[in-house]
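Here is the structure we will look at.
The residues of the chain are indexed from 1 along the displayed sequence.
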Amino acid sequence: MAVEERVAVITVNDPERRNAVTFEMSEALRAAVARAEADEAVHAVVVTGAGRAFCAGADLAALRTATEDDLRRLYDGFIAVARCTLPTVAAVNGPAVGAGLNLALAADVRIAGPTAVFDPRFQKLGIHPGGGATWMLQRAIGPQAARASLLFGLGFDAEAAVRSGLALKIAEDPVAAARELAAGPAAAPRDVVVATKASMRATANPGVPDTEQHMRAVDTELPPQAASIAAPAFAERIAAALRR
């Protein structure tokens with residue numbers, strides 16, 4: 001994590017594996033978000049990926065035998081972003097796939113690089129969505145587009161993401177654009193920034209804060225996702241993918 005001008009930039013840094021979500025990466029991301037929240041000098045958080053990918057999704061070796069408890073550990077990183085009390089921007093520099101899409105969706109705002117791709121990929125792998133994906137995607141782009149994505153396999157390039165509302169804009173340098181956007185909260189009193197985000201969470205659906213809605217979605221998705229991972233067909237798909 002690097003902090004400059006009251007903005008923390010957290011970079012998921014495993015470019016050889018296209019920043020795939022492992023247990024270690026998820027824990028490191030959760031810890032980085034916690035450090036940013038604890039630092040009174042930080043007013044906003046930017047999350048991005050090293051290299052050409054934003055995040056290629058869950059590491060297949062970790063996913064192939066994942067239990068419900070394992071899945072929750074894999075979720076920890078992007079759920080920490082989703083629950084962050086500070087404004088968050090995902091600088092989506094390349095493909096955001098599966099759990100990587102969840103990481104992008106967990107942020108308040110997404111800025112797409114020219115090569116950004118937003119692809120749920122769950123159905124293609126033969127598994128049920130997890131981590132609150134069904135709720136986050138419907139919240140971001142509405143029920144019809146979300147169902148086209150999760151039920152029919154629709155992915156979004158950068159331009160389609162902007163048209164659908166999945167991304168705010170396209171930028172040649174999404175990290176620089178995210179920093180520019182984050183200059184707003186960086187220049188404001190931190191307590192006002194935190195209170196404003198808390199109010200928006202509480203008023204999006206009065207009576208049920210959005211963090212609680214997200215966790216309800218996580219709990220709803222978890223059993224069918226774990227069951228789909230335990231199915232023989234999934235094991236065959238993963239074994240074939242790992243042999244490539």
Report yes or no: does Ser149 contribute a side-chain atom to a donor-acceptor pair with the main-chain N or O of Gly155 at less than 3.5 Å? no
Ile10 with Val42, same ILVMFWY side-chain cluster at under 4.5 Å: yes
Looking only at heavy atoms, the pair that brings Ala146 and Ile141 closest together is N-CD1, 3.7 Å
What one should report as the nearest heavy-atom pair of Leu150 and Pro129 is CD2-CG, 4.2 Å
Taking only residues two or more places apart in sequence or in another chain, which ones pass salt bridge (Lys or Arg N to Asp or Glu O under 4.0 Å) with Glu40? Arg190
On a heavy-atom basis, which atom in Ala145 and which in Phe156 lie closest, and how many Å separate them? O-CZ, 4.3 Å
Throw together a table of side-chain donor-acceptor distances under 3.5 angstrom for residues 222-232, partners on residues two or more places apart or in other chains.
unit_1, atom_1, unit_2, atom_2, d
Gln225, OE1, Tyr75, OH, 2.3
Gln225, NE2, His128, O, 3.1
Ser228, OG, His128, N, 3.1
Ser228, OG, Pro224, O, 3.4
Ser228, OG, Gln225, O, 2.7

Identify the two heavy atoms, one from Met1 and one from Ala36, that lie closest to each other, and give their separation to 0.1 Å. SD-CB, 3.8 Å
Calculate, to the nearest 0.5 Å, the distance between atoms NE2 and CG belonging to His214 and Asn102 respectively. 7.0 Å
Identify whether Leu71 and Phe234 are in the same connected component of the hydrophobic contact network (ILVMFWY, side-chain heavy atoms under 4.5 Å). yes
List, one per line, each side-chain donor-acceptor pair under 3.5 Å for residues 43-57, sequence neighbours excluded.
unit_1, atom_1, unit_2, atom_2, d
His43, ND1, Pro185, O, 3.1
His43, ND1, Ala188, O, 3.0
Thr48, OG1, Ala91, O, 2.8
Thr48, OG1, Asn93, OD1, 3.3

Reported OG1-to-CE distance for the pair Thr203 and Met200, which is rounded to 0.5 angstrom: 6.5 Å
Quick check on Glu159: does its CD atom have over 12 non-hydrogen neighbours (other residues, nucleotides or ligands) under 6.0 Å away? no
Would you confirm whether Gln138, through its side chain, and Pro143, through its main-chain N or O, come within 3.5 Å as a donor-acceptor pair? no
Calculate, to the nearest 0.5 Å, the distance between atoms CD and CZ belonging to Gln213 and Arg201 respectively. 11.5 Å
Side chains of Phe23 and Asp70 in contact at under 4.5 Å (non-hydrogen atoms): yes
Without swapping roles, check the side chain of Glu5 against the backbone of Ala186 for a donor-acceptor pair under 3.5 Å. no
Say whether Phe122 and Val97 are linked into one hydrophobic cluster, either directly or through other cluster members, by side-chain heavy-atom distances under 4.5 angstrom. no
For a 4.5 angstrom cut-off between non-hydrogen side-chain atoms, does Asp76 reach Ile79? no
To the nearest 0.5 Å, what is the distance between OG1 on Thr134 and CZ on Arg147? 10.5 Å
I want to check something: taking the side chain as every heavy atom from C-beta on, are Val89 and Leu168 in contact at a cut-off of under 4.5 Å? no
SB check Asp219 Arg72 (cutoff 4.0 Å): yes
For Arg121, what residues pass the salt bridge (Lys or Arg N to Asp or Glu O under 4.0 Å) criterion, not counting sequence neighbours? Asp119
Set of residues satisfying salt bridge (Lys or Arg N to Asp or Glu O under 4.0 Å) with respect to Glu4, sequence neighbours excluded: Arg179
State the OG1-CZ distance between Thr22 and Arg17, to the nearest 0.5 angstrom. 5.5 Å
In a table with atom names and distances, give each donor-acceptor pair under 3.5 Å that connects a side chain of residues 106-113 to protein atoms at least two apart or in another chain.
unit_1, atom_1, unit_2, atom_2, d
Asp108, OD1, Lys197, NZ, 3.3
Asp108, OD2, Thr88, N, 2.8
Asp108, OD2, Thr88, OG1, 3.2
Asp108, OD2, Lys197, NZ, 2.8
Arg110, NE, Leu166, O, 2.5
Arg110, NH1, Ala104, O, 3.1
Arg110, NH1, Leu105, O, 3.4
Arg110, NH1, Ala107, O, 3.0

Measuring from Asn19:CG to Asp59:CG, what's the distance to the nearest 0.5 Å? 12.0 Å
Treating Ile, Leu, Val, Met, Phe, Trp and Tyr as nodes and any side-chain heavy-atom pair under 4.5 angstrom as an edge, say whether Val81 and Val194 lie in one connected cluster. yes
Applying a strict under-4.5 Å side-chain criterion to I, L, V, M, F, W and Y, I'd like to know whether Val12 and Val175 cluster together. no
Which atom pair, heavy atoms only, marks the closest approach of Leu74 to Ala62? CD2-CB, 4.5 Å
Nearest heavy atoms of Phe78 and Leu103, plus distance in Å: CB-CA, 3.6 Å
Please check: side-chain N/O of Ser26 versus main-chain N/O of Arg73, any donor-acceptor pairing under 3.5 Å? yes
